[in-house]
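Notes for the one structure printed next.
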Number of protein chains: 2
Amino acid sequence: MATSTSSLRVVPNTLSLRERVTQVLREAILNLHFEPGEKLVERRLCEETGVSRTCVREALRHLEAEGLVRRTPTRGMFVSEIGPDEARQIYEVRSVLESAMTRQFVERATEKQLTALIAAFRRVEVTSSGKDYLAYARALEKFSACLMEGAGNEVAHQILDMLSARITYLRTITARAANGEQDSVLALRKVIKAVQQRDADLAEQASRDFVQNSATFALQVLLKNSAEAAER
Amino acid sequence: MATSTSSLRVVPNTLSLRERVTQVLREAILNLHFEPGEKLVERRLCEETGVSRTCVREALRHLEAEGLVRRTPTRGMFVSEIGPDEARQIYEVRSVLESAMTRQFVERATEKQLTALIAAFRRVEVTSSGKDYLAYARALEKFSACLMEGAGNEVAHQILDMLSARITYLRTITARAANGEQDSVLALRKVIKAVQQRDADLAEQASRDFVQNSATFALQVLLKNSAEAAER
DNA sequence: CATTATCATTTTGTATACCATCATTCAATG
DNA sequence: CATTGAATGATGGTATACAAAATGATAATG
């Protein structure tokens with residue numbers, strides 16, 4: 001097994017064009033450079049990004065899988081509008097998956113993986129006080145990645161990665177207030193605590209609470225928004 | 001709301017070419033028309049399917065998302081080889097998600113959705129005695145769909161749909177013995193029972209057992225296979 | 001003979017042009 | 001003023017081209 005310990009593997013660090021286009025479009029959506037519900041016309045995206053239609057189309061398909069855009073046959077792609085109901089579903093899935101993986105982490109992770117998780121948590125703490133949303137989002141994703149790694153479940157990792165696109169989107173849409181992040185970090189600290197104590201039940205519950213914390217906040221804002229929209 | 005009651009809506013029943021190509025390739029993989037690990041050369045697939053490269057590529061990307069094929073940059077697509085470790089991960093995720101959704105079903109489903117679930121279960125029973133694997137697989141997918149519908153979580157549904165491709169694949173690879181299905185149906189009946197009694201805890205546990213049942217079987221076979229492969 | 005270097009072929013990744021079909025817009029018409 | 005219907009624009013799909021990388025075969029070298 002040459003791969004496990006001292007991997008000499010050279011990682012191809014040059015992202016393919018399609019991947020870079022995907023990134024650019026994803027960030028554009030997350031930064032609200034496009035409005036929710038806006039139609040994304042391929043030809044226009046080609047001009048704006050300066051790449052071919054082939055590439056743009058493939059990138060859009062990927063974003064469709066992530067749930068950031070939706071396709072209506074023969075009518076085109078639209079930026080997703082994520083309402084309260086879909087948000088609830090997303091958080092439900094995330095809660096269930098992430099808490100289960102937290103439990104697995106407690107039961108399976110090595111010391112090294114634990115220190116990695118703690119380091120990732122530190123980064124979350126640091127970025128949470130700053131003003132860069134996306135840095136905070138990336139720190140959370142990294143934390144999640146460490147969790148999945150220690151839990152030994154790459155499949156779950158991929159699924160949560162897909163979901164995290166929409167979750168970050170929700171964070172942006174609901175334009176979470178500053179203390180929202182502080183609460184989150186607080187809840188996350190409890191997770192870390194429980195994990196360090198190797199208390200699987202407590203860790204699972206803390207993880208559930210952590211997601212619940214984000215969920216209730218986002219849902220409040222979304223419900224208020226959709227109520228206002230209904231009034232008009 | 002013109003769509004809800006007397007829907008004259010003409011559903012675009014013509015699947016797009018890309019979708020049909022995806023189906024064809026998926027079934028080809030599931031039927032082991034391609035071997036696990038085999039390289040899928042685009043040009044060859046174009047000839048075999050009679051469609052353009054663009055279409056084939058898009059279909060392959062979809063299958064990649066489903067985990068049935070894997071891509072190595074600039075080297076191409078390969079039919080997935082799903083080993084014991086990945087199988088464990090898949091079943092873990094499925095167990096966690098499906099049992100949670102079973103609980104939600106108990107808590108949220110309407111009478112109508114319950115009867116739909118029971119009907120789906122009947123189909124599982126019927127197909128389990130027959131010899132058509134894929135019919136059985138479809139019946140299970142339909143059951144899962146009813147479950148998600150009643151649980152009110154379309155997001156979870158989509159995720160499990162993605163996973164189900166690989167699960168069906170695992171069933172094929174492990175060429176499950178006939179009484180394996182009987183055991184499964186037995187375990188599934190317990191789920192139905194618990195759901196009918198509206199016992200959320202019991203239903204969740206029964207659902208977990210049901211998946212566990214499939215998982216242990218598949219893992220046994222896979223471990224034996226990979227042990228044999230290691231000997232050689 | 002084993003290894004290295006060279007070179008031709010194949011394949012992927014991307015770009016471009018093209019067409020048929022479906023949607024949308026908007027003006028003509030009654 | 002509502003309808004019809006033609007012009008415009010977008011998508012889904014095809015064919016082709018080409019650079020860069022991978023693969024495979026063959027020649028050169030120690």
Side-chain angles (χ1 to χ4, degrees), chain A residues 2-3 8-26 28-29 34-81, chain B residues 2-3 8-26 28-29 34-35 37-66 68-81:
Chain A
T3 60
L8 299 190
R9 187 96 203 160
V10 172
V11 48
N13 56 358
T14 50
L15 260 46
S16 80
L17 187 55
R18 172 178 36 83
E19 287 170 303
R20 276 179 290 161
V21 172
T22 308
Q23 276 189 355
V24 166
L25 291 182
R26 184 179 14 238
I29 293 176
F34 303 111
E35 285 179 38
E38 182 173 347
K39 176 159 192 205
L40 297 177
V41 180
E42 290 175 4
R43 211 179 58 88
R44 194 183 134 220
L45 295 181
C46 293
E47 287 165 6
E48 293 202 51
T49 60
V51 302
S52 75
R53 221 180 124 201
T54 322
C55 254
V56 168
R57 294 192 55 143
E58 293 198 349
L60 284 178
R61 290 224 178 284
H62 194 100
L63 294 178
E64 187 190 1
E66 284 182 4
L68 287 183
V69 307
R70 302 207 199 292
R71 198 171 55 80
T72 332
T74 77
R75 299 194 53 203
M77 302 290 242
F78 301 82
V79 179
S80 294
E81 298 181 272
Chain B
T3 60
L8 299 191
R9 187 96 202 164
V10 173
V11 48
N13 54 358
T14 50
L15 257 48
S16 81
L17 187 56
R18 172 176 35 82
E19 287 170 304
R20 277 179 291 161
V21 172
T22 309
Q23 276 189 354
V24 166
L25 291 182
R26 185 191 296 120
I29 293 175
F34 302 112
E35 285 179 38
E38 182 173 347
K39 176 161 192 203
L40 297 177
V41 179
E42 291 175 4
R43 211 184 63 88
R44 196 185 133 216
L45 295 182
C46 292
E47 287 166 7
E48 293 203 50
T49 60
V51 301
S52 75
R53 223 180 121 201
T54 321
C55 250
V56 168
R57 290 190 58 132
E58 293 196 346
L60 285 177
R61 288 220 181 285
H62 194 101
L63 294 177
E64 187 190 0
E66 284 182 4
L68 287 183
V69 307
R70 303 207 198 292
R71 197 172 54 81
T72 334
T74 78
R75 300 193 54 203
M77 302 290 239
F78 302 82
V79 179
S80 295
E81 297 182 273

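Computed over heavy atoms, backbone and side chain alike; hydrogens, waters and symmetry mates excluded. To find a chain, count down the sequence lines: A is the first, B the second, and so on, and within it residues start at 1.
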### Query
Atom CD of A/E64 and atom C1' of D/dG12: how far apart are they, to the nearest Å?
14 Å
### Task
Could you check how far CZ of B/R75 sits from C1' of C/dT12, rounded to whole Å?
12 Å
### Query
Nearest to the side chain of A/S16, which nucleotide is it out of C/dT12, D/dA22, C/dT14?
C/dT14
### Task
Report the distance from atom CZ of A/R20 to atom C1' of C/dT14, rounded to the nearest whole Å.
12 Å
### Query
Do NZ/NE/NH1/NH2 and the carboxylate oxygens of B/R44 and B/E38 come within less than 4.0 Å?
yes
#### Entry: Atom pair distance, as rounded to whole Å: CD in B/E19 and P in D/dG12
10 Å
### Message
How many whole angstroms separate atom CZ of A/R18 from atom P of D/dA20?
### Response
18 Å
### Message
Can you identify which nucleotide, out of C/dA15, D/dA22, D/dA10, has its nearest atom closest to the B/T74 side chain?
### Response
D/dA22
### Message
What's the closest nucleotide to the side chain of A/R53 if the choices are C/dG13, C/dT12, C/dC18?
### Response
C/dC18
## Note on the structure
Among the nucleotides D/dT14, C/dA23, D/dT11, whichever has the atom closest to the side chain of B/L17 is D/dT14
### Message
Mind checking if B/L60 touches a base, just sugar-phosphate, or nothing, with heavy atoms under 4.0 Å?
### Response
nothing
### Message
Measure CD/B/E47 against P/C/dT10 and give the value in whole Å, please.
### Response
12 Å
### Message
Looking at every non-hydrogen atom in both residues, tell me the closest pair between A/L15 and A/Q23 and how far apart they are.
### Response
CD2-NE2, 3.6 Å
### Query
What's the spacing between A/L17 CG and A/S52 OG if we round to 0.5 Å?
7.5 Å
### Query
Which nucleotide in the set D/dT14, C/dT12, D/dT11 lies at the smallest distance from any side-chain heavy atom of B/C55?
D/dT14
### Query
How close or far is atom P of C/dT12 from atom CD of A/E58, stated in whole angstroms?
13 Å
### Message
As a test of reading the structure: which of C/dA15, D/dG12, D/dA15 is closest to the side chain of B/T54, going by heavy atoms?
### Response
D/dA15
### Query
A/R71 near the nucleic acid: base, sugar-phosphate alone, or nothing, with a heavy-atom cut-off under 4.0 Å?
sugar-phosphate
### Message
Looking at B/E64 and B/R61, is any side-chain nitrogen of the basic one under 4.0 Å from a carboxylate oxygen of the acidic one?
### Response
yes
### Rounded distance (Å) that lies between atom P of C/dA23 and atom CD of A/E42
16 Å
### Query
Rounded to the nearest 0.5 Å, how far apart are CG of A/L60 and CE of A/M77?
4.5 Å
### Task
For B/R57, report the nucleic acid contact type (base, sugar-phosphate, nothing); a contact means any heavy atom under 4.0 Å.
base
### Query
If you check the A/R43 side chain, which of D/dT14, D/dA10, C/dT12 turns out closest?
D/dA10
